[in-house]
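I have placed the structure first, in the form of structure tokens, so that the comments after it can refer back to it.
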Protein chains: 2
Amino acid sequence: MAANSQFSMAVHVLAMLAKSGEERIKSESVAGSVNTNAVVIRRLLGQLNQANLVISQTGSSGGTRLARCPKEITLAEIYKAVSCGEVFALHGKSPNQDCPVGKNIEAVLCNLQKEIDKTVGEKLSQYTLQSVLEVIEQGRV
Amino acid sequence: MAANSQFSMAVHVLAMLAKSGEERIKSESVAGSVNTNAVVIRRLLGQLNQANLVISQTGSSGGTRLARCPKEITLAEIYKAVSCGEVFALHGKSPNQDCPVGKNIEAVLCNLQKEIDKTVGEKLSQYTLQSVLEVIEQGRV
DNA sequence: ACATCTGTAACTAAACTTGTTACAGTTATG
DNA sequence: CATAACTGTAACAAGTTTAGTTACAGATGT
């Protein structure tokens with residue numbers, strides 16, 4: 001279980017909130033659908049809250065709802081809110097700077113990394129939470 | 001050190017092999033440039049070998065060289081050869097099938113995953129090992 | 001025969017994600 | 001105002017992954 005599934009979980013959670021409209025949903029309910037612990041959900045909601053995607057209320061009859069209309073939330077925003085960010089990682093240790101390849105490879109890979117991340121972001125921004133919800137409610141993909 | 005940097009390492013390694021042309025390179029030499037252990041390099045070369053990107057020779061004066069011309073090796077092939085594959089992971093546990101969202105979200109995310117992976121592959125196939133080598137040798141990015 | 005490589009198994013250490021318990025702080029309600 | 005019902009968050013355990021290491025079998029040139 002070491003693969004990062006936060007984006008998947010985030011889309012799931014936000015789809016539920018989108019479906020519920022103005023109504024506030026409890027972390028326990030969401031956890032039931034995602035099939036995990038409520039604290040895991042609250043941790044995730046914390047990140048989504050920081051990204052201004054949801055609004056939570058504490059106290060009795062508290063819960064969480066979307067901060068914006070599902071039509072205005074793109075998957076790119078969700079990805080950005082929860083991801084560690086990079087499709088692939090650069091070297092852990094720095095390459096040997098005395099080697100002509102080692103000396104320049106980092107800059108090349110860093111630029112490539114940015115470009116790939118940008119490409120992923122652009123693709124994800126083609127989808128909104130609304131579009132995801134529509135597919136889910138139609139039951140066909 | 002848990003972020004997957006195999007793609008970065010693979011590009012580095014293959015760039016070195018590309019620069020050396022027909023000459024066979026020892027894993028020890030490559031390890032010196034990447035700044036890691038020779039066994040790590042040999043493990044990586046094993047994957048690149050399975051993908052028909054390199055050819056290794058055992059025994060004294062053995063080593064590894066590219067299996068093809070750098071112009072014919074795209075970064076997409078390299079990515080495919082070493083990556084675990086996915087930009088984001090699906091849920092670890094299955095969502096609650098009794099929930100209308102939980103029931104359908106997996107299929108939606110799975111399709112999305114495939115599409116993102118395809119997008120990354122297409123972007124990476126725009127670059128060849130040759131093009132990477134040219135940037136490295138010019139020293140500017 | 002021997003030195004020099006690759007290939008690979010086995011083990012360790014570090015990092016990360018998830019799950020879980022525990023508890024402080026907030027809010028609605030009788 | 002007391003209590004029940006929430007969220008927010010810290011702290012810790014467990015499982016997984018990656019990288020680094022050591023060790024050694026097998027291949028090959030001299």
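Each chain gets a letter, A, B and so on, in the order the sequences are listed, and its residues count up from 1.
- Remark: B/Glu72 engages no residue in a salt bridge (Lys or Arg N to Asp or Glu O under 4.0 Å) (not counting sequence neighbours).
- Qualifying salt bridge (Lys or Arg N to Asp or Glu O under 4.0 Å) partners for B/Arg65, counting only residues two or more places apart in sequence or in other chains: none.
- Residues satisfying the side-chain contact (heavy atoms from CB on, under 4.5 Å) test with A/Ser131, not counting sequence neighbours, are A/Tyr127, A/Thr128.
- Atom-to-atom, CD of B/Glu23 to C1' of C/dC5 comes out at 15 Å; the value is rounded to the nearest Å.
- Summarising the geometry, the separation between CG on B/Asn49 and P on C/dG7 is reported as 7 Å, rounded to the nearest angstrom.
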Extract from the structure each pairing of a protein N or O with an N or O of nucleotides 27-30 of chain C at less than 3.5 Å, listing the distance.
from, atom 1, to, atom 2, distance (Å)
C/dT27, O2, A/Ser60, N, 3.0

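- One interatomic measurement links the two molecules: CD1 of A/Ile25 to P of D/dT7, which rounds to 10 Å at whole-angstrom precision.
- Within 6.0 Å of CD on A/Gln126 lie more than 12 heavy atoms contributed by other residues, nucleotides or ligands.
- Residues satisfying the side-chain hydrogen bond (donor to acceptor under 3.5 Å, both in side chains) criterion with A/Lys123, sequence neighbours excluded, are B/Glu115.
- Annotation: proximity of residues 9-22 of chain B to DNA chain D (heavy atom, distance under 4.0 Å) is found for no residue.
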For nucleotides 21-23 of chain C, list the nitrogen or oxygen atoms of the protein found under 3.5 Å from its nitrogen or oxygen atoms, one pair per line.
none

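- Atoms CZ (B/Phe88) and C1' (C/dT17) sit 17 Å apart, rounded to a whole Å.
- Judged as a side-chain hydrogen bond (donor to acceptor under 3.5 Å, both in side chains), and not counting sequence neighbours, the contacts of A/Glu77 are A/Arg68.
- D/dG8 atom P lies 11 Å from atom CG of A/Leu48, rounded to whole Å.
- Checked by atom type, the side-chain pair B/Glu134/B/Gln138 shows no donor-acceptor distance below 3.5 Å.
- Considering only residues two or more places apart in sequence or on other chains, B/Thr119 meets the side-chain hydrogen bond (donor to acceptor under 3.5 Å, both in side chains) condition with none of them.
- Position along DNA chain C of the nearest nucleotide to A/Arg43 versus B/Gly63 favours B/Gly63 as the more 5'-ward residue.
- Residue B/Arg65 contributes atom CZ, which lies 18 Å from atom P of C/dC5 at whole-angstrom precision.
- Separating the CG atom of A/Leu44 from the P atom of D/dG8 is a distance of 12 Å, rounded to the nearest angstrom.
- A heavy-atom distance below 4.5 Å is found between the side chains of B/Pro95 and B/Glu106.
- Contacts of B/Thr64 with the nucleic acid, taken as non-hydrogen atoms under 4.0 Å apart, are absent.
- Taking the side chain of A/Gln6 as heavy atoms from C-beta on, and the options C/dG19, C/dT18, C/dG7, the nearest nucleotide is C/dT18.
- Out of D/dG8, D/dA19, C/dT18, the shortest distance to the side chain of A/Ser56 is found at D/dG8.
- Rounded to whole Å, atom P of D/dA19 lies 14 Å from atom CZ of B/Phe7.
- Residues forming a side-chain hydrogen bond (donor to acceptor under 3.5 Å, both in side chains) with B/Ser8 (at least two apart in sequence, or on another chain): none.
- Within the structure, ring pair (Phe, Tyr, Trp, His ring centres under 6.0 Å) contacts touching residues 7-45 of chain A (residues at least two apart or in different chains) are A/Phe7-A/Tyr79, A/Phe7-B/Phe88, A/His12-B/His91.
- Among pairs with a residue in residues 19-58 of chain B, none fulfils ring pair (Phe, Tyr, Trp, His ring centres under 6.0 Å), at least two apart in sequence or across chains.
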